[in-house]
Amino acid sequence: MFTTAFIAILVVMFVLLLRVALGPTIFDRILAINTFGTAIVLLIALFGFLTARPDFLDIALLYALINFISTIAVLKLFRHDSLGKSVDE
Amino acid sequence: MFVVSWILLVLGSVFCLIGTLGLMRLPDFYTRVHAASIIDSLGAILILLGLITQSQDPLVIIKLILILLFMMLTGPTAVHALAHTAVLSEKNRASDQNSEHPQEP
Amino acid sequence: MLIRILIAASLLLLLWVLLSGHLGILLLSLGIASGLLVAWLIHRLALQSPNFNTLYFSLNLPRFLPWFFLEVVRSNLDVSWRILHPKLPISPNTSTVSTSKLNDVATTTYANCITLTPGTYTLNVDDQTIEVHSLTQETAEKLQQGKMKERISVLQGRLNTS
Amino acid sequence: MDIETIINFSLLTLLALTVIVLIRMKSLLAIALSSGVYSFLSAGLFVAMDAVDVAFTEAAVGAGITTILLLGTIAITGREQTVSKHKRFLPIAVITITGAALIYGTLDMPLYGDANAPIHTHVAPHYLTQSSEEIGIPNVVTSVLASYRGYDTLGEVAVIFTAAVGVLLLLGKTAKRGVRKQ
């Protein structure tokens, strides 16, 4: 049961990586990488249940947050050419 | 309960796969965002709900709900920031080409 | 000010307990310390919203969520069907919806809800309008009817519509 | 083939593919973000190997801080990769020899998951059984790091602190110069 979902997520990850490789614009790549983070969170959550030890959820939780931070950081860099400026400018 | 969880997980996987199919099939970035948001919304929700119905430990359920909550809060913000930046950079490029004085990055 | 920091700290402590599941004196005191530290940092960053609208809003949220979940399912099915269709029946377009009479929290929620339902996502938010990219003409028209906005404006209550 | 083998193979394949994608890309921004994918995947592998704490560190440092630092560096330098004109023979030779030496080194190691390996028979059983009484912290790895090997950790923290100061000095100085330009 978990195996089905797990394999589906693995397939999703392969295709997302293909999208990262193909591009064509940088935004396509960032979109694919952001979704990749979601897939990894689901993968780790599923993995905990697959091995009947759902202690791994803390990591999934951490990933859900970190994925967001790095996406926002790269977009801020894209818009302001710097990470230091405040958003109000 | 077992059957419910099984259905939720399989449905979630199917939606994730449809989302990736869309990511490959749809013609440009702005339409691909819609496909990616299938994975981020219903794919993730159904798989996490499937896991929630499967677990007995209340701590595990709370953690899964928190993951779901964080995803639902951060996902749209990231997508919006991405799309907004894409629009801005397209506008910048257009104005650069009009003035024929491309700015140094 | 102090009360607000303490409220935030106790909420964070609750989160700490829920995540760790241990109730020993050492771990609880560590949790209290980190809760206070984070609450103070949030206060320094001025991230807390200046009024209690947020609280009222959150308490009303359970009334909105079931309807919203159905909406998410419906739009997912619609977009999935269009992706699977061999001819890709899409007509991407951008439109604007007004956010008049919504306060800041409600506007943010509205924009996020629009993004969460596949088929539509927000491109730009300003004081009066939200710019939306839709996958098809129909979803754009459906959004224009303003059912979701109605539900969200009910959420924020009739008193503080400033 | 059991499911764990499939997981390990798929994750390793994805890891290799990510590296190929990374090498092929020219935009440094995309590369910085994709290195986050690499960290995510390797942390997934650590989870599959039961090294949850390493996975935690990899997630926080590899995917979080490293990406931000790389982006900060890109903000100061430039977004496009400049292709170097150096000869490629020497780097390939160095990498091949180093890689071969590392693989040769692993041949002496005990098999993966071997219960009779020295690390499982020396002090590990003591830590696993006694740490909750002796230290009183639920996570064994934390009590090993912070108590049994406290001095070791202190040294590590000093090293990391020095590295952080160095990085901040490098990044901070140039950022100030940028402000002066405006």
Side-chain angles (χ1 to χ4, degrees), chain A residues 2-3 6-7 9-11 13-14 16-23 25-30 32-34 36-37 39-41 43-48 50-51 53 55-78 80-85, chain D residues 2-4 6-7 9-11 13-15 17-18 20-22 24-37 39-41 43-44 46-48 50 52-53 55-76 79 171-172 175-176 178-179:
Chain A
F2 298 123
T3 321
F6 201 89
I7 290 172
I9 298 286
L10 279 176
V11 172
M13 281 163 70
F14 272 104
L16 284 174
L17 198 59
L18 189 63
R19 183 40 80 197
V20 175
L22 287 178
T25 68
I26 184 152
F27 298 109
D28 285 291
R29 295 182 212 269
I30 298 174
I33 290 165
N34 191 35
F36 204 93
I40 280 273
V41 171
L43 191 86
I44 290 178
L46 277 168
F47 185 82
L50 199 65
T51 50
R53 282 176 311 155
D55 324 326
F56 299 153
L57 286 172
D58 294 321
I59 303 176
L61 204 60
L62 182 69
Y63 273 31
L65 292 173
I66 281 185
N67 185 39
F68 175 66
I69 291 172
S70 52
T71 305
I72 293 296
V74 79
L75 292 173
K76 189 175 178 189
L77 174 67
F78 214 91
H80 300 295
D81 268 319
S82 152
L83 288 177
K85 283 182 197 167
Chain D
D2 63 334
I3 182 70
E4 297 233 3
I6 299 176
I7 292 168
F9 271 103
S10 327
L11 284 179
T13 317
L14 275 168
L15 210 55
L17 287 176
T18 312
I20 294 172
V21 170
L22 274 173
R24 302 283 304 171
M25 281 196 294
K26 286 281 182 286
S27 161
L28 289 178
L29 271 179
I31 291 174
L33 263 184
S34 312
S35 67
V37 168
S39 304
F40 275 142
L41 280 171
F46 291 141
V47 169
D50 282 358
V52 183
D53 298 81
F56 228 99
T57 316
E58 178 69 41
V61 176
I65 296 173
T66 311
T67 313
I68 308 285
L69 284 180
L70 281 176
L71 290 175
T73 316
I74 291 171
I76 296 171
R79 283 187 195 166
L171 289 180
K176 251 182 212 162
V179 169

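Numbers restart at 1 for each chain; the letters A, B, ... are given by sequence-line order, proteins then strands. Computed from a prediction, not measured in an experiment: that's the story for all the values here.
At a 4.5 Å heavy-atom cutoff, the contact between A:Leu50 and chain D is made by side-chain atoms alone. For a residue to count as touching a neighbouring chain, one of its non-hydrogen atoms must lie under 4.5 Å from one of that chain's; by this rule D:Thr57 does not touch chain A. Interface remark: A:Phe36 contributes side-chain atoms only to the contact with chain D (heavy atom separation under 4.5 Å). Both the backbone and the side chain of D:Leu41 have a heavy atom closer than 4.5 Å to some heavy atom of chain A. When heavy atoms are compared at a cutoff of 4.5 Å, A:Asn34 does not approach chain D at all. In this structure, chain A has no heavy atom under 4.5 Å from any part of D:Ala32. The parts of A:Ile59 that come within reach of chain D are both its backbone and its side chain, each placing non-hydrogen atoms under 4.5 angstrom from that chain. At a 4.5 Å heavy-atom cutoff, the contact between A:Ile30 and chain D is made by backbone and side-chain atoms alike.
To the nearest 0.5 Å, atom CD1 of residue A:Ile66 and atom CZ of residue D:Phe40 are 6.5 Å apart. Taken from CZ in D:Phe46 to CD1 in A:Ile44, the straight-line distance is 11.5 Å, to the nearest 0.5 Å. Note that OG of D:Ser10 is 12.5 Å distant from CD1 of A:Ile9, once rounded to the nearest 0.5 Å. With rounding to the nearest 0.5 angstrom, the CG atom of A:Asp58 is 5.0 Å from the CZ atom of D:Phe56. D:Leu33 contributes atom CG, which lies 4.5 Å from atom CD1 of A:Ile33 (distance to the nearest 0.5 angstrom). In this structure, the separation between CE on D:Met25 and CD1 on A:Ile26 is 8.5 Å, given to the nearest 0.5 Å.
Taking the side chain as every heavy atom from C-beta outward, D:Val47 and A:Leu43 never approach each other to under 4.5 Å. Within the 4.5 Å cutoff, the side chain of D:Thr67 has no heavy atoms near those of the A:Ile69 side chain.
Highest contact tally toward chain A, considering only D:Thr18, D:Ile7, D:Leu22, D:Leu11, is held by D:Ile7 [criterion: heavy-atom pairs under 4.5 Å]. By number of non-hydrogen pairs under 4.5 angstrom with chain A, the leading residue of D:Val37, D:Val21, D:Leu14 is D:Leu14.
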